[in-house]
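Computed from a predicted structure; not experimentally measured.
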Amino acid sequence: QVQLVESGGGLVQAGGSLRLSCAASGRTFSSYAMGWFRQAPGKERAFVAALTWSDSSTYYADSVKGRFTISRDNAKNTVYLQMNSLKPEDTAVYYCAAKRGMILYGTPDRYNYWGQGTQVTVSS
């Protein structure tokens with residue numbers, strides 16, 4: 001059974017940084033892609049970033065390019081989202097997701113497994 005557990009959210013001032021972690025367990029993820037999504041109140045879940053576990057190919061939403069970096073640590077089975085230059089509009093619940101196969105997609109319905117989410121709040 002796949003489990004994804006996010007951590008690292010919190011309250012930060014605009015311009016600050018946070019690093020989110022997603023600890024993955026339950027299977028070997030070498031043929032999986034991992035993604036981060038976010039959902040602000042009253043809005044749909046939106047794509048943030050994704051990478052392939054095997055070769056770390058990456059894909060970013062335009063709104064976070066140059067500010068956010070997705071990475072993984074194979075030894076710890078953990079995916080990270082380093083978020084720099086945070087803005088109030090980055091405020092949302094951030095979700096980690098996993099999908100079978102190594103094609104990177106930006107739509108939530110392509111992902112098979114989800115974490116419970118972690119709140120990120122950026123104050124102005």
Side-chain angles (χ1 to χ4, degrees):
Q1 181 179 356
V2 173
Q3 273 199 313
L4 304 174
V5 179
E6 302 99 333
S7 61
L11 173 64
V12 64
Q13 286 189 331
S17 299
L18 280 176
R19 189 177 79 158
L20 305 183
S21 300
C22 172
S25 63
R27 65 183 61 223
T28 301
F29 290 92
S30 57
S31 61
Y32 277 61
M34 305 295 293
W36 285 97
F37 290 78
R38 64 188 181 186
Q39 189 164 18
K43 295 189 176 182
E44 294 187 351
R45 194 165 295 190
F47 172 71
V48 175
L51 91 169
T52 55
W53 204 283
S54 58
D55 65 2
S56 285
S57 296
T58 57
Y59 174 40
Y60 293 93
D62 288 342
S63 58
V64 306
K65 277 182 186 174
R67 300 189 299 124
F68 291 11
T69 303
I70 187 171
S71 63
R72 92 275 192 255
D73 184 328
N74 283 349
K76 295 182 179 180
N77 248 24
T78 299
V79 176
Y80 301 100
L81 185 68
Q82 177 66 45
M83 305 186 294
N84 299 328
S85 302
L86 283 161
K87 305 174 182 180
E89 51 264 43
D90 295 318
T91 294
V93 177
Y94 282 71
Y95 296 91
C96 176
K99 63 171 290 295
R100 292 182 287 269
M102 293 183 285
I103 298 177
L104 298 179
Y105 290 105
T107 51
D109 61 356
R110 294 287 190 170
Y111 289 77
N112 307 106
Y113 306 99
W114 292 85
Q116 81 289 350
T118 184
Q119 176 70 47
V120 171
T121 303
V122 184
S123 63
S124 57

query = Which pair of non-hydrogen atoms, one from Gln116 and one from Glu6, has the smallest distance, and what is that distance?
reply = OE1-OE1, 2.8 Å
task = Output all residues satisfying side chain to side chain contact (heavy atoms under 4.5 Å, CB included) with Asp109, sequence neighbours left out; order by chain, then residue number.
result = Thr107
query = Once you round to the nearest 0.5 Å, how far does CG of Asn84 lie from CZ of Arg67?
reply = 9.0 Å
request  = Could you check Arg45 against Trp114 for side chain to side chain contact (heavy atoms under 4.5 Å, CB included), going step by step and ending with a plain yes or no?
outcome  = CA-CA 12 Å; Arg45 194 165 295 190; Trp114 292 85; 3.3 Å; yes
ask   = Quick check: does any side chain N or O of Thr52 sit under 3.5 Å from a backbone N or O of Ser57, one acting as donor and the other as acceptor?
value = yes
OG-CZ distance between Ser31 and Arg100, expressed to the nearest 0.5 angstrom = 9.5 Å
task = Kindly work out whether a path of hydrophobic side-chain contacts (I/L/V/M/F/W/Y, heavy atoms less than 4.5 Å apart) joins Phe29 to Leu81.
result = yes
inquiry  = Could you see if Val79 belongs to whatever hydrophobic cluster contains Leu104? Use Ile, Leu, Val, Met, Phe, Trp, Tyr and a side-chain cutoff under 4.5 Å.
reply    = no
message = Give me each pair satisfying side chain to side chain donor-acceptor pair (under 3.5 Å) with a member in residues 18-30, each pair once, sequence neighbours excluded.
response = Arg27-Tyr32
remark   = Nearest heavy-atom approach of Trp53 to Asp73 is CZ2-O, 4.5 Å
request  = Carefully, step by step, assess Gln119 and Thr91 under the rule side chain to side chain contact (heavy atoms under 4.5 Å, CB included).
outcome  = CA-CA 8 Å; Gln119 176 70 47; Thr91 294; 4.0 Å; yes
ask   = According to a 4.5 Å side-chain heavy-atom criterion applied to Ile, Leu, Val, Met, Phe, Trp and Tyr, with indirect links allowed, do Leu18 and Tyr95 form part of one hydrophobic cluster?
value = no
ask   = Roughly how far apart are Met34 CE and Leu4 CG, rounded to 0.5 Å?
value = 5.0 Å
ask   = What distance do Ser124 atom OG and Gln13 atom CD have between them, rounded to the nearest 0.5 Å?
value = 9.5 Å
ask   = Do Leu51 and Val2 sit in the same hydrophobic cluster, where Ile, Leu, Val, Met, Phe, Trp and Tyr count as joined when their side-chain heavy atoms come under 4.5 Å apart?
value = yes
ask   = Can you name the one residue among Val12, Val120, Asp90, Val48 that meets side-chain contact (heavy atoms from CB on, under 4.5 Å) with Met83?
value = Val120
key: From Cys96 atom SG to Gln3 atom CD, the distance as rounded to the nearest 0.5 Å   = 12.0 Å
remark   = When rounded to the nearest 0.5 Å, the distance separating CZ of Arg38 from CZ of Phe47 is 11.0 Å
request  = Could you tell me which residues satisfy side chain to side chain contact (heavy atoms under 4.5 Å, CB included) with Tyr60, sequence neighbours excluded, listed by chain and number?
outcome  = Ala49, Thr58, Val64, Lys65, Thr69, Ile70
task = Identify the two heavy atoms, one from Gln82 and one from Ser17, that lie closest to each other, and give their separation to 0.1 Å.
result = NE2-CB, 3.9 Å
Common cluster, Tyr111/Trp36, ILVMFWY with side-chain heavy-atom separation under 4.5 Å = no
remark   = Between Ile103 and Lys99, the two heavy atoms sitting closest are O-NZ, 3.0 Å
Nearest heavy atoms of Gly9 and Thr118, plus distance in Å = N-OG1, 3.2 Å
